[in-house]
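Read the structure below first, then the notes.
Numbered from 1 within each chain, the chains take letters A, B, ... in sequence-line order.
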2 protein chains.
Amino acid sequence: MATYFVSQGHDEIPRWQEAFPDARLIRPEDLKARLVRGDCVWVMADAPEWPEQVGELQRRGAAVGVMTYSPATAEAFQALESGARAYVHALSPPELLRQARLVILNQGIWVPPELMARVVGGVFHALGGSPRDRDEALAPLTERERAVALAVVEGYSNKEVARRLDITERTVKAHLGAVFRKLGVRDRMQLVLRLTSVPETALGVGRGS
Amino acid sequence: MATYFVSQGHDEIPRWQEAFPDARLIRPEDLKARLVRGDCVWVMADAPEWPEQVGELQRRGAAVGVMTYSPATAEAFQALESGARAYVHALSPPELLRQARLVILNQGIWVPPELMARVVGGVFHALGGSPRDRDEALAPLTERERAVALAVVEGYSNKEVARRLDITERTVKAHLGAVFRKLGVRDRMQLVLRLTSVPETALGVGRGS
DNA sequence: GGCAACATTGGACCGAAGGACATGGCATCC
DNA sequence: GGATGCCATGTCCTTCGGTCCAATGTTGCC
């Protein structure tokens with residue numbers, strides 16, 4: 001089992017070398033000759049054709065991860081759809097990169113926690129999973145918590161929500177705290193990202209670098 | 001030109017009466033008999049078939065507005081798609097309601113400022129407009145501002161964005177301030193709602209009240 | 001009755017977010 | 001050489017967002 005790193009050259013700060021001292025930088029054409037099933041391949045999302053590369057490597061039995069210097073949900077989706085099983089920031093700490101490699105070598109999917117909220121649900125949706133929509137995520141909430149959560153997702157501030165529901169801002173915070181806890185998000189931003197479905201632009205975009 | 005108000009009865013706090021003293025509450029079946037082109041009709045989004053009602057009224061030449069006690073983007077879209085040209089909170093101040101009526105009577109579209117961010121872009125897309133996506137909205141931004149904006153939309157905090165772009169949190173705020181100004185949004189939440197495309201669940205849902 | 005869950009609010013606390021005002025280094029254009 | 005625009009940063013200040021530790025009243029269930 002070997003680990004390779006594919007990039008269009010200009011690798012700025014080879015942080016991955018720290019994580020994978022045994023890995024080697026290789027050009028796509030050279031990789032084709034020596035790739036064996038079970039190898040781990042990291043592909044930089046800096047070339048226009050990286051999704052195709054990922055797809056081919058995956059089909060040939062490699063565990064493929066995509067690295068980027070500017071993580072985005074859209075790109076994460078593209079990566080996962082292309083066959084990658086990991087999507088990480090190129091400057092992630094070595095421990096994190098090793099963790100990701102371990103995961104994908106064991107048939108797992110790995111994305112940064114920040115993107116997780118968007119990806120779960122979105123992927124299952126794309127794969128024909130249940131029509132899961134926000135109602136499902138809101139199920140564990142009480143009536144009041146749901147009302148607050150929905151208002152927040154609409155973009156209202158705590159103060160506005162308070163006015164709207166005719167309660168104190170303090171109470172809004174209380175409900176919201178419960179919402180965060182129950183849904184496992186850290187703040188209202190993550191809540192929005194969680195309850196807002198994946199934008200259609202997230203799938204099939206090819207905005208190269 | 002008359003103003004009507006259509007509701008399934010139980011109108012709790014008839015705020016609209018303050019705004020439109022000349023308006024009259026009317027049942028849908030009675031309205032059919034006396035509606036003339038140019039009339040203004042307000043429909044409460046409290047009945048399961050309100051979108052159909054709106055559609056019919058609009059086809060018959062009325063300026064239709066939808067009122068709700070719990071504004072939501074999805075419902076706003078449904079309203080606008082059905083043919084309504086206004087979507088307002090039922091407890092909006094009278095001045096605001098009159099403003100809305102004035103607008104729709106003059107072939108305008110009116111939605112609350114809070115929903116505006118979602119609606120612009122989304123509506124025209126839904127109605128078969130240009131394939132406008134987030135890139136278009138990001139056009140007026142500089143390279144750096146774009147990077148910051150995209151990171152924020154991904155859910156990162158200012159501190160995280162700063163680390164990611166290797167700049168000071170202060171600088172992030174500076175760029176972000178410019179982004180808010182250029183895109184006309186008030187804070188990061190509105191930015192997310194603006195740049196996040198309309199959820200697919202927002203279109204064609206019939207989840208009645 | 002007691003217990004549990006829910007809704008509501010209070011106060012205090014602290015970090016995040018955003019604006020105001022100002023500075024400096026680079027580019028490019030006239 | 002200005003003028004302009006972008007990038008980066010600084011300080012100060014205000015507001016907002018979130019959490020912790022409480023307390024009260026309700027409802028429904030065993």
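Rounded to whole Å, the distance from CD on B:E160 to C1' on C:dA16 is 11 Å. If you measure from atom CD of B:E143 to atom P of D:dC7, you get 8 Å, rounded to the nearest angstrom. Rounded to an integer number of Å, the gap from CD of B:E145 to P of D:dG5 is 13 Å.
Rounded to 10 degrees, the angle separating the terminal axes of the helix from C:dG1-D:dC30 to C:dC30-D:dG1 is 30°, with each axis obtained from five end pairs.
What you find for A:A178 and A:E145 is that their closest heavy atoms are CB-OE2, 3.2 Å. B:T142 approaches B:K182 most closely through the heavy-atom pair CG2-NZ, 3.8 Å.
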I'd like a list of close polar pairs between nucleotides 28-30 of chain D and the protein, N/O only, cut-off under 3.5 Å.
none

Pairwise N/O distances under 3.5 Å, protein to nucleotides 16-20 of chain D:
residue	atom	partner	partner atom	Å
D:dG17	OP2	A:N158	N	3.4
D:dG17	N7	A:K173	NZ	3.4
D:dG18	OP1	A:R188	N	2.7
D:dG18	OP2	A:R188	NH1	2.7
D:dG18	N7	A:K173	NZ	3.0
D:dG18	O6	A:K173	NZ	3.2
D:dC20	N4	A:R170	NH2	2.8

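Annotation for A:D166: atom CG does not count as buried by contact number, only 12 or fewer foreign heavy atoms lying within 6.0 Å.
A search for side-chain hydrogen bond (donor to acceptor under 3.5 Å, both in side chains) contacts involving A:S70 returns nothing, not counting sequence neighbours. Remark: B:K159 pairs with no residue by the side-chain hydrogen bond (donor to acceptor under 3.5 Å, both in side chains) rule, at least two apart or across chains. Contacts of A:D39 classified as side-chain hydrogen bond (donor to acceptor under 3.5 Å, both in side chains), with partners at least two apart in sequence or in another chain: none.
A close approach under 4.0 Å does occur between a side-chain nitrogen or oxygen of B:T168 and OP1 or OP2 of D:dG10. Residue B:T171 places at least one side-chain N or O under 4.0 Å from the OP1 or OP2 atom of D:dT9. Residue A:T142 places at least one side-chain N or O under 4.0 Å from the OP1 or OP2 atom of C:dA7.
Relative to the ring axis of B:Y156, B:R164 places its NZ or CZ within 45° and under 6.0 Å from the centre.
You'll find the side chain of A:Q53 stays beyond 4.5 Å of the side chain of A:V64, heavy atoms only.
Using a 4.0 Å cut-off between a side-chain N of Lys or Arg and a carboxylate O of Asp or Glu, B:D22 and B:R101 qualify as a salt bridge.
The closest donor-acceptor contact from the side chain of A:R194 to the backbone of A:L183 lies under 3.5 Å.
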